[in-house]
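Since the structure comes first, as structure tokens, the remarks are kept for the end.
As a basis for the values below, the full set of heavy atoms in this structure was taken, side chains included, without hydrogen atoms, waters or symmetry mates.
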Number of protein chains: 2
Amino acid sequence: MRYIANPYQCPVTRTMSIIGGKWKPIILNCIGDKSLRFGKLNQLIPAISNKVLSGELKELEDLALIERREFNELLPRVEYRLTKSGQSLIPLLHELANWGNTNLAKKLENAIK
Amino acid sequence: MRYIANPYQCPVTRTMSIIGGKWKPIILNCIGDKSLRFGKLNQLIPAISNKVLSGELKELEDLALIERREFNELLPRVEYRLTKSGQSLIPLLHELANWGNTNLAKKLENAIK
DNA sequence: AATAGTAGTAACCTGTAGGTAACCAGTATT
DNA sequence: AATACTGGTTACCTACAGGTTACTACTATT
């Protein structure tokens, strides 16, 4: 496989533009194989504001990595779950996590702050 | 494996902070198993400015992903190559590229611009 | 009638990754 | 004596990801 040295055509950069954000890998991982409501996600990830969470969810939906389902019952609710494509990212995320754990655990504590 | 829903402690985010930049995966991939000079890298990646290239190389060196070797010969030169740790990233980059190619090829052409 | 929970929006602000352009000292070429 | 190449540095600028705060309309609870 050959890479072209231009980020706009680079497949790694392309993947990064999806999972490279601050919250997307965390959101994907939190959802996992469950079907979660907005509020539940907000609880699981307390550091995210609901504006940002809402934006990220919309982007993930546009990328067809998650599915948004509205239930118009007496008290209406919304649930999010991974699509096939989204599920296929999970093992990749785990590998990234592993690499980070084995290769960088201490080295980065300060760098990341 | 359990993730804590906070990017500063998230191992995926940790890894991302290294390869998640615009140029780092490209640089790592360009070096590959070779030993490249600054100027050569600049040629291979024409879209990067030498200020940014210089900065990225410094960061990659700080992270011990590449090695910088100065040769103080008649015309002094500098060569960069991957460390063991840097080499261990290459397969991961390939997987990211693969995922991007199979799952997103078209979907993102516009999104990324 | 007041408060809390639902799933968000709207307006505004900020930090920083990345970009541009000019410059450096030393050597080699023309 | 002028220009180009080496491997960078410095100062300055900008776009945008992400953050903060306040607000919405609806229902349920007390």
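With rounding to the nearest 0.5 Å, the separation of NE2 in B/His94 from CG in B/Leu89 is 11.0 Å. Here A/Ile19 contributes atom CD1 and B/Leu96 contributes atom CG; the two are 5.5 Å apart, rounded to the nearest 0.5 Å. Atoms SG and CG, on A/Cys30 and A/Leu44 in that order, are 5.0 Å from each other to the nearest 0.5 Å. Taken from CG in A/Leu36 to CD1 in A/Ile31, the straight-line distance is 6.0 Å, to the nearest 0.5 Å.
At whole-Å resolution of the value, CD1 in B/Ile27 and P in D/dG7 are 15 Å apart. Between the P atom of C/dG18 and the CD1 atom of B/Ile26 lies a distance of 11 Å, rounded to the nearest Å. Atom-to-atom, NZ of A/Lys22 to C1' of C/dA17 comes out at 14 Å; the value is rounded to the nearest Å. The separation between A/Asn72 atom CG and D/dT27 atom C1' is 14 Å, rounded to whole Å. The separation between B/Leu53 atom CG and C/dA17 atom P is 17 Å, rounded to whole Å. For B/Glu59 and C/dG18, the CD to C1' distance is 11 Å, given to the nearest whole Å. Rounded to an integer number of Å, the gap from B/Lys24 NZ to C/dG18 C1' is 10 Å. Between the CD1 atom of B/Ile48 and the P atom of C/dT20 there is a distance of 11 Å, given to the nearest Å.
A/Glu56 is linked by a side-chain contact (heavy atoms from CB on, under 4.5 Å) to A/Trp23, A/Lys24, A/Ile27, A/Val52, A/Glu59, counting only residues two or more places apart in sequence or in another chain. Listed by chain and number, the residues in a side-chain hydrogen bond (donor to acceptor under 3.5 Å, both in side chains) with B/Ser54 amount to none (sequence neighbours excluded). Listed by chain and number, the residues in a side-chain contact (heavy atoms from CB on, under 4.5 Å) with B/Asn42 are B/Phe38, B/Ile48, B/Asn50, B/Leu53 (sequence neighbours excluded).
B/Ser85 and B/Ala64 make their closest contact through CB-O, 3.8 Å (heavy atoms, listed as atom of the first residue, atom of the second, distance).
Toward the 5' end of DNA chain D, the nearer of the two residues A/Val52 and A/Leu74, judged by each one's closest nucleotide, is A/Val52.
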Using the 3.5 Å cut-off, write out each protein N or O paired with an N or O of nucleotides 3-13 of chain C and the distance between them.
from: C/dT6; atom 1: O3'; to: A/Arg37; atom 2: NH2; distance (Å): 3.0
from: C/dA7; atom 1: OP1; to: A/Arg37; atom 2: NE; distance (Å): 3.1
from: C/dA7; atom 1: OP1; to: A/Arg37; atom 2: NH2; distance (Å): 3.2
from: C/dA7; atom 1: OP2; to: A/Gly39; atom 2: N; distance (Å): 3.0
from: C/dG8; atom 1: OP1; to: A/Arg68; atom 2: NE; distance (Å): 3.4
from: C/dG8; atom 1: OP1; to: A/Arg68; atom 2: NH2; distance (Å): 2.4
from: C/dG8; atom 1: OP2; to: A/Tyr80; atom 2: OH; distance (Å): 2.6
from: C/dG8; atom 1: N7; to: A/Asn50; atom 2: ND2; distance (Å): 3.1
from: C/dG8; atom 1: O6; to: A/Asn50; atom 2: ND2; distance (Å): 3.2
from: C/dT9; atom 1: OP1; to: A/Lys58; atom 2: NZ; distance (Å): 2.7
from: C/dT9; atom 1: OP2; to: A/Ser54; atom 2: OG; distance (Å): 3.1
from: C/dT9; atom 1: OP2; to: A/Lys58; atom 2: NZ; distance (Å): 3.1

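The rotation axes computed at either terminus of the helix from C/dA1-D/dT30 to C/dT30-D/dA1 lie 10° apart, taking five pairs at each end and rounding to 10 degrees.
B/Glu73 comes within 4.0 angstrom of no nucleic acid atom, judged by non-hydrogen atoms across all strands.
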Let me check something: any side-chain donor-acceptor pairs from residues 65-80 of chain A under 3.5 Å, sequence neighbours excluded? List them with distances.
from: A/Glu67; atom 1: OE1; to: A/Arg81; atom 2: NE; distance (Å): 3.2
from: A/Glu67; atom 1: OE1; to: A/Arg81; atom 2: NH2; distance (Å): 3.4
from: A/Arg68; atom 1: NE; to: A/Tyr80; atom 2: OH; distance (Å): 3.4
from: A/Arg68; atom 1: NH1; to: A/Glu70; atom 2: OE2; distance (Å): 2.8
from: A/Arg69; atom 1: NH2; to: A/Ser35; atom 2: OG; distance (Å): 2.9
from: A/Arg77; atom 1: NH1; to: A/Glu79; atom 2: OE2; distance (Å): 2.6
from: A/Glu79; atom 1: OE1; to: A/Ser35; atom 2: OG; distance (Å): 2.7

